[in-house]
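Positions are given from 1 along the sequence.
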Amino acid sequence: MKTLRRFLSPLLILALVLGSVSVSAAPLPTSELISTQAALSAERADADRERINEILSRAEVQEQLIAQGVDLAEVDARVAALSDEEAHQMAEQLEQLPAGAGVVGALLVVFIVLLVTDILGLTNVFPFTR
């Protein structure tokens, strides 16, 4: 039993030392608690994007976009690229439009967003912005 203890003691000590070194060398997790406000704003942003996509998926809106020479795939990509604040503003503007003018207003809002991103150099949709 004594020889077994002499043999196992250094191995156990070495295992404990190596185990504690790897734990102390590991990076500390940087998880933060998410506030209620942050969770609600993320949920609101998703709802805003869904509302925008719902309006843009209407047949009459898509027809008008195509008539204006706008690629529908690019519109979807730009809506996905909107920041949360921009998506909220766009959804609010779409909600405030009268029922009959919704299509024209939606197209105007989409055109303005496309125009601003084109002027900023983020996209290349309209050749007259250069």
Side-chain angles (χ1 to χ4, degrees):
M1 191 64 143
K2 222 176 202 183
T3 58
L4 184 62
R5 236 188 264 166
R6 276 190 196 158
F7 179 70
L8 285 179
S9 293
L11 289 176
L12 288 174
I13 291 171
L14 181 65
L16 286 173
V17 169
L18 289 178
S20 65
V21 168
S22 66
V23 169
S24 64
L28 296 175
T30 57
S31 61
E32 296 178 10
L33 291 176
I34 298 174
S35 67
T36 304
Q37 189 67 13
L40 289 176
S41 67
E43 194 173 300
R44 183 189 73 192
D46 290 340
D48 291 338
R49 280 193 178 77
E50 286 178 22
R51 177 72 180 132
I52 294 168
N53 286 329
E54 175 186 315
I55 290 172
L56 292 176
S57 66
R58 294 180 185 166
E60 61 269 5
V61 174
Q62 290 182 354
E63 289 172 6
Q64 289 295 322
L65 287 172
I66 292 171
Q68 296 290 329
V70 178
D71 183 25
L72 296 178
E74 184 146 348
V75 171
D76 291 337
R78 287 191 186 200
V79 169
L82 288 174
S83 69
D84 294 343
E85 184 178 324
E86 291 169 337
H88 180 67
Q89 287 176 348
M90 189 171 180
E92 274 186 356
Q93 289 175 355
L94 292 174
E95 290 293 328
Q96 293 173 358
L97 294 173
V103 174
V104 175
L107 289 176
L108 182 64
V109 169
V110 169
F111 176 75
I112 290 172
V113 169
L114 293 174
L115 183 65
V116 168
T117 55
D118 208 27
I119 289 172
L120 293 175
L122 300 173
T123 59
N124 187 11
V125 176
F126 302 114
F128 61 85
T129 59
R130 274 151 213 85

* Hey, are the side chains of Q64 and V70 touching, using non-hydrogen atoms and a 4.5 Å cut-off? -> no

* **Heavy-atom side-chain proximity of V113 to L82 below 4.5 angstrom** => yes

* Main-chain N/O of E54 paired with S57 side-chain donor or acceptor, under 3.5 Å -> yes

Straight-line distance of [X] [atom1] to [Y] [atom2], nearest 0.5 Å:
| X | Y | atom1 | atom2 | value |
| --- | --- | --- | --- | --- |
| E50 | I55 | CD | CD1 | 12.5 Å |
| E74 | T117 | CD | OG1 | 7.5 Å |
| L114 | R78 | CG | CZ | 4.5 Å |
| L56 | M90 | CG | CE | 5.5 Å |
| I66 | E63 | CD1 | CD | 7.5 Å |

* Asked: Among the clusters formed by ILVMFWY side chains lying less than 4.5 Å apart, do L11 and L4 turn up in the same one?
  -> yes

* Structure fact -> Only residue of E92, E85, E86 satisfying side-chain hydrogen bond (donor to acceptor under 3.5 Å, both in side chains) with H88 is E92

* Asked: Can you name the nearest heavy-atom pair linking D48 to A87, along with the distance?
  -> CB-O, 3.7 Å

* Structure fact -> Given the options R44, R49, Q89, D84 meets side chain to side chain contact (heavy atoms under 4.5 Å, CB included) only with R49

